[in-house]
Amino acid sequence: MDSIESLVARVEGGGRTLTVVDPDSEDVVDRLRDYFGPQRITVTVAEGGDALPENFAVLHEAGEVVSASNLADVDAVLAFEAGIVTDPDFERDDYPEVFKHADTTTFTSYDKRRMIIASREVELAAYDAGAGELRAGFQQLSRMEDQWHVYEQLSESGLDVHVYGLPDWDRPRDLSLTLHTNDHPEVRDSWFVVYDGNGRDTRKTALVAYEQDDGTFHGFWTYDAGIVDEMVDYLHAGALDA
């Protein structure tokens, strides 16, 4: 990657398609579209035949199959999340594969409040792990003032915490974290919270966005280890320290 904005554009442009084969009703198709729509996944319907297994949901990208799951198992998860059924099926052997591979959500107009809420998801994942590296950029260090207690806990939890921002606030001296305060254009314009998972792909997560002219943010959050690693490598290379 050569910039945060280019990464957002590439992630946003990498949409996938979920093909639903011989669904029992349109209701399940509607539930799938509601669920997968924010994740850049287009849901289509196809008839079964030699090319596709019956009663399956097939996730594919650029003509290549990414994963496939029994449609009944997929719908059982959706029905529980929608409140149609109240008891989850804990006896199912495994979580449907199509959900495991649909792990990135994009957004086009988050305000600062929603960005803080999304940031908290990444911060909580890092705090629960209690080890590894968390890197966060809030444009200006002064935005940390209202979240002081959060980053105090994060810095004391065993995490290696790095914060990027314009130096417009004198942070308390007893906070154990590393500050990156260069006046870099991407520091001014972007908002990110990235957790490296402490070497475990299943824990890696990131929120990455840039500010638009109207003051809202355009970006994504992801649990895709490859995307998280790209952002981690970009920050490690000192791209925002130049």
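Quick caveat, the model's predicted, so the values are computed rather than measured.
Nearest heavy atoms, Val8 versus Gly219: CG1-CA, 3.8 Å. Of all heavy-atom pairs between Val187 and Gly165, the closest is CG1-CA, 3.6 Å. Between Glu230 and Met1, the closest heavy-atom pair is O-SD, 3.7 Å. Here the shortest heavy-atom pairing between Leu159 and Ala131 reads CD2-O, 3.4 Å. Annotation for Val193 and Ser119: closest pair CG2-OG, 3.6 Å, computed over non-hydrogen atoms. The minimum heavy-atom distance between Ala206 and Val122, with the atom names listed, is C-CG2, 4.1 Å.
With sequence neighbours excluded, the residues satisfying side chain to side chain contact (heavy atoms under 4.5 Å, CB included) with Tyr223 are Asp103, Thr205, Trp221. For the ring-ring contact (aromatic ring centres under 6.0 Å, His included) test, residues two or more places apart in sequence or in another chain that qualify with Tyr210 are His218. Glu133 meets the salt bridge (charged side-chain N to carboxylate O under 4.0 Å, His left out) test with Arg135; sequence neighbours excluded. Listed by chain and residue number, nothing satisfies the salt bridge (charged side-chain N to carboxylate O under 4.0 Å, His left out) test with Asp27 (two or more places apart in sequence, or in another chain). Under the side-chain hydrogen bond (donor to acceptor under 3.5 Å, both in side chains) criterion, Ser6 pairs with Asp2, Ser3, not counting sequence neighbours. In this view, Tyr195 satisfies the ring-ring contact (aromatic ring centres under 6.0 Å, His included) rule with no residue, not counting sequence neighbours. Checked against side-chain hydrogen bond (donor to acceptor under 3.5 Å, both in side chains), Gln147 has the following partners two or more places apart in sequence or in another chain: Arg120. Here Thr44 pairs with Thr17, Thr19, Thr42 under the side chain to side chain contact (heavy atoms under 4.5 Å, CB included) rule; sequence neighbours left out. Considering only residues two or more places apart in sequence or on other chains, Tyr127 meets the ring-ring contact (aromatic ring centres under 6.0 Å, His included) condition with none of them. In this structure Thr202 satisfies the side chain to side chain contact (heavy atoms under 4.5 Å, CB included) test together with Arg200, sequence neighbours excluded. Remark: Arg143 pairs with Gln139 by the side-chain hydrogen bond (donor to acceptor under 3.5 Å, both in side chains) rule, at least two apart or across chains. Qualifying ring-ring contact (aromatic ring centres under 6.0 Å, His included) partners for Tyr110, counting only residues two or more places apart in sequence or in other chains: Phe107.
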Test log, rule ring-ring contact (aromatic ring centres under 6.0 Å, His included), inputs Tyr164 and Phe138: CA-CA 7 Å; Tyr164 297 73; Phe138 303 115; over 10 Å; no

Test log, rule side-chain contact (heavy atoms from CB on, under 4.5 Å), inputs Met144 and Leu177: CA-CA 12 Å; Met144 281 191 63; Leu177 53 75; 4.2 Å; yes

Intermediate values then yes/no, side-chain contact (heavy atoms from CB on, under 4.5 Å), Ile227 and Phe220: CA-CA 11 Å; Ile227 297 173; Phe220 64 86; 3.7 Å; yes

side-chain contact (heavy atoms from CB on, under 4.5 Å) between Val43 and Val20, intermediate numbers included: CA-CA 7 Å; Val43 176; Val20 184; 3.7 Å; yes

Val228 vs Val194, side-chain contact (heavy atoms from CB on, under 4.5 Å): CA-CA, chis, key distance, verdict: CA-CA 7 Å; Val228 174; Val194 183; 4.1 Å; yes

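Salt bridge status for Lys112 with Glu211: absent, with no side-chain N to carboxylate O gap under 4.0 Å. A salt bridge does not link Lys204 to Asp196: none of the charged nitrogens lies less than 4.0 Å from a carboxylate oxygen.
Here the CH2 atom belonging to Trp169 is positioned 7.5 Å from the CG atom belonging to Leu141, to the nearest 0.5 angstrom. Rounded to the nearest 0.5 Å, atoms CE (Met115) and CG (Asp111) are 9.5 Å apart. Remark: Tyr151 OH to Ser176 OG distance equals 14.0 Å, nearest 0.5 Å. To the nearest 0.5 Å, atoms CG (Asp160) and NE2 (His162) are separated by 3.5 Å. In this structure, CG on Leu207 lies 9.0 Å from CD on Glu123, to the nearest 0.5 angstrom.
Donor-acceptor pairing under 3.5 Å is lacking for the side chains of Thr222 and Asp224. For the residue pair Asn182 and His180, no side-chain donor N or O sits within less than 3.5 Å of a side-chain acceptor on the partner. Counted by atom type alone, Gln212 and Thr216 present one or more donor-acceptor pairs between their side chains at under 3.5 Å. A side-chain N or O of Asp168 and one of Ser142 form a donor-acceptor pair less than 3.5 Å apart.
Of the listed residues (Leu240, Ile4, Asp241), just one forms a side-chain contact (heavy atoms from CB on, under 4.5 Å) with Leu235, and that residue is Leu240. Results of the side-chain contact (heavy atoms from CB on, under 4.5 Å) test with Ser69 over Val58, Asp75, Leu18, Val98 single out Val98 as the only residue that passes.
Note on Val45: it clusters hydrophobically with Leu71, by side-chain heavy-atom contacts below 4.5 Å among ILVMFWY residues. With hydrophobic clusters built from ILVMFWY side chains whose heavy atoms lie under 4.5 angstrom apart, Leu179 shares a cluster with Trp191.
A donor-acceptor pair under 3.5 Å is formed between the side chain of Asn70 and the backbone N or O of Ala72.
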